[in-house]
Visitor: 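Take a look at the following structure, please.
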Amino acid sequence: MPAGEYVRYVALGDSQTEGLGDGDDTTGLRGWADRLAERLAALDPDVRYANLAVRGRVAAQVRAEQLGPALALRPDLATVVAGVNDLLRPRFDADEVAAHLEAMFAELTAQGAHVATLTFPDVARITALARPIGSRVTALNHRIRAAAHRHGVTVAETAHHAVVADPRLWSQDRLHASPLGHARIAAAVAHALRLPGSGDAWTHPLPPPPAPAPTGWRAAPAELRWAASFLGPWLGRRLRGRSSGDGRTAKRPELLPVT
């Protein structure tokens, strides 16, 4: 379908697609998928948009819980972004995660939807404590590209650009994009889809900050505060078999006008 003629857009995924880091649960979450829907609606006010994403979901859960409802909505555009929660699990299997993603690619494209996804940045460039999972990110990205190629899925390549490691694109937890980061992701997907008015400005670096970020031992206090505020609670939930998405449902389960 020519870019600019998508009128039924359905987003599948986890917290990033739900919009964590861009707003809050009191005022409402926006997020990159909402921002992409707004771009589509600017091209055609008849666009309808559903967001089935739920925070904390691994790829298998996204497939089990969201694929069926997504197919029932018969989208002509679908975004499938999942796997980050898998990357953080002790037992990570890149082939297994990619198989779930590919199954979603296959079923959605077979029904006639144009599917888009993205690759993930190396989180070690965002926080040094995440360095052990850098090889996992590389392995998953390789498989995402291969699966996307087999099914004609559009890939927004966010992994290669230096700007994605800029702290200003990330929220305080360093796992979710900030409002500015969500805007860049939406722009990346729009560019990959070749939507009218899109371009590569999202790859450009931000202006230099007023003061450089501390490095080395000077950064240690901030790293410890981050570990206590975010990493510790996250590990605690994992040990208890809990998820941030327990009891939650999709914020936008039906195709509705973009407002």
Visitor: Give a yes or no on whether a salt bridge exists between Arg55 and Asp14, defined as a side-chain N under 4.0 angstrom from a carboxylate O.
Guide: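 Judged by the 4.0 Å cut-off on N to carboxylate O distance, Arg55 and Asp14 do not form a salt bridge.
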Visitor: Would you say the side chain of Asp22 lies within less than 4.5 Å of the side chain of Trp32, judging by non-hydrogen atoms?
Guide: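 In short, these two side chains do not touch, never coming nearer than 4.5 Å.
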Visitor: Is the side chain of Arg91 donor-acceptor paired with the backbone N or O of Arg89 at a distance under 3.5 Å, no angle test?
Guide: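 No; zero donor-acceptor contacts below 3.5 Å.
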Visitor: Please report the shortest heavy-atom distance between Gly83 and Val97, naming the atom on each side.
Guide: CA-CG1, 4.1 Å
Visitor: Identify the heavy atoms of Val62 and Gly13 that sit nearest to each other, and give their distance.
Guide: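 Closest heavy-atom pair between Val62 and Gly13: CG2-O, 3.7 Å.
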Visitor: Run the side-chain contact (heavy atoms from CB on, under 4.5 Å) check on Leu40 and Val258 step by step: do they pass?
Guide: CA-CA 9 Å; Leu40 294 168; Val258 180; over 6 Å; no
Visitor: Hey, quick one: are Trp202 and Leu36 part of the same hydrophobic cluster, counting side-chain heavy atoms closer than 4.5 Å, chains of contacts allowed?
Guide: no
Visitor: Could you check whether Thr27 and Asp24, counting side-chain N and O atoms only, form a donor-acceptor pair closer than 3.5 Å?
Guide: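 There is such a pair between these side chains.
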Visitor: Should Val189 and Leu118 count as side-chain neighbours, where that means a heavy-atom distance under 4.5 Å?
Guide: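 Val189 reaches Leu118 side chain to side chain.
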Visitor: Would you say the side chain of His204 lies within less than 4.5 Å of the side chain of Val163, judging by non-hydrogen atoms?
Guide: no
Visitor: Can you tell me how far apart CD (Glu254) and CG (Leu52) are? Round to the nearest 0.5 Å.
Guide: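 Those atoms lie 9.0 Å apart.
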Visitor: Roughly how far apart are Arg8 CZ and Leu73 CG, rounded to 0.5 Å?
Guide: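 So the gap between those two atoms works out to 7.0 Å.
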Visitor: Which pair of non-hydrogen atoms, one from Ser171 and one from Gly21, has the smallest distance, and what is that distance?
Guide: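 Answer, listing the atom of Ser171 first, then Gly21: CB-CA, 4.4 Å.
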Visitor: Could you check whether any side-chain N or O of Thr158 sits under 3.5 Å from a backbone N or O of Thr119, counting only pairs where one atom can act as donor and the other as acceptor?
Guide: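 Pair found, side chain donor or acceptor close to backbone of Thr119.
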Visitor: Taking NZ, NE, NH1 and NH2 as the nitrogens, is one of them in Asp86 or Arg136 under 4.0 Å from a carboxylate oxygen of the other?
Guide: no
Visitor: Phe120 and Val81: side-chain contact (heavy atoms from CB on, under 4.5 Å), yes or no, with the steps?
Guide: CA-CA 9 Å; Phe120 301 114; Val81 179; 3.9 Å; yes
Visitor: Do Leu77 and Val155 sit in one hydrophobic cluster, given that two such residues count as connected whenever their side-chain heavy atoms are within less than 4.5 Å of each other, even indirectly?
Guide: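 Different clusters.
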Visitor: A side-chain contact here means heavy atoms from C-beta on lying under 4.5 Å apart; do Glu38 and Arg30 qualify?
Guide: yes
Visitor: Strictly distance-based, threshold 3.5 Å: is any side-chain N or O of Lys251 a donor or acceptor partner for the main-chain N or O of Glu18?
Guide: yes
Visitor: Group every Ile, Leu, Val, Met, Phe, Trp and Tyr by side-chain heavy-atom contacts under 4.5 Å, then state whether Val80 and Val84 land in the same group.
Guide: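 Result: yes, single cluster for both.
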Visitor: With distance as the sole criterion, is a donor-acceptor pair present between the side chains of His176 and Trp170 under 3.5 Å?
Guide: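 Result is no, nothing qualifies.
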Visitor: Working to the nearest 0.5 angstrom, can you tell me the gap between Leu206 CG and Leu169 CG?
Guide: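 With rounding to 0.5 Å, CG (Leu206) is 5.5 Å from CG (Leu169).
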Visitor: Should Asp166 and Arg184 count as an ion pair when the cut-off is N to O under 4.0 Å?
Guide: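 No salt bridge links Asp166 with Arg184.
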Visitor: Give a yes-or-no answer on whether the side chains of His151 and Glu102 include a donor-acceptor pair shorter than 3.5 Å.
Guide: yes
Visitor: Might you work through the side-chain contact (heavy atoms from CB on, under 4.5 Å) test for Thr117 and Thr154, ending with a clear yes or no?
Guide: CA-CA 6 Å; Thr117 190; Thr154 295; over 6 Å; no
Visitor: Out of curiosity, Leu88 CG to Asn85 CG, how far, rounded to the nearest 0.5 Å?
Guide: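 It is 6.5 Å, given to the nearest 0.5 Å.
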Visitor: Can you tell me how far the CG atom of Asp76 sits from the CD atom of Gln111, to the nearest 0.5 Å?
Guide: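 Answer rounded to 0.5 Å: 10.5 Å.
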Visitor: Kindly say whether Leu67 contributes a backbone atom to a donor-acceptor pair with the side chain of Glu107 at under 3.5 angstrom?
Guide: no
Visitor: Determine whether more than 12 heavy atoms belonging to other residues, nucleotides or ligands lie under 6.0 Å from atom NE2 of His142.
Guide: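 12 or below, so no.
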Visitor: Examine distances only and state if a side-chain atom of His182 and a backbone atom of Gly31 form a donor-acceptor pair shorter than 3.5 Å.
Guide: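 Absent.
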Visitor: Looking at every non-hydrogen atom in both residues, tell me the closest pair between Pro196 and Leu43 and how far apart they are.
Guide: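 Minimum heavy-atom contact is CD-CD1, 3.7 Å.
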Visitor: Could you go through Glu65 and Arg57, starting from their C-alpha distance and side-chain angles, then the distance that decides it, and tell me whether this counts as salt bridge (Lys or Arg N to Asp or Glu O under 4.0 Å)?
Guide: CA-CA 9 Å; Glu65 300 170 9; Arg57 298 304 195 253; 2.8 Å; yes
Visitor: Taking all non-hydrogen atoms of both residues, which atom of Ala94 and which atom of Leu140 are closest, and how far apart?
Guide: O-CD1, 4.3 Å
Visitor: May I ask you to decide if the ring planes of Tyr9 and Tyr49 are parallel, tilted or perpendicular, using 30° and 60° as cut-offs?
Guide: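 Parallel.
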Visitor: Using only atom types and a distance under 3.5 Å, with no angle test, would you say the side chain of Asn51 pairs donor to acceptor with the backbone of Thr17?
Guide: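 Present.
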Visitor: Do the side chain of Gln16 and the main chain of Ala177 share a donor and acceptor less than 3.5 angstrom apart?
Guide: yes
Visitor: Taking all atoms of both residues into account, what is the closest heavy-atom pair of Val54 and Ala250, and its distance?
Guide: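 Closest heavy-atom pair between Val54 and Ala250: CG2-N, 3.7 Å.
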Visitor: How about Asp44 and Tyr6: does a side-chain donor come under 3.5 Å of a side-chain acceptor?
Guide: no
Visitor: If hydrophobic clusters are built by linking Ile, Leu, Val, Met, Phe, Trp and Tyr wherever their side-chain heavy atoms come under 4.5 Å apart, do Val137 and Val58 end up in the same one?
Guide: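 No; tracing contacts between hydrophobic side chains, which count when under 4.5 Å, never links both residues.
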Visitor: Between CG of Leu180 and CZ of Arg168, what distance do you get to the nearest 0.5 Å?
Guide: 8.0 Å
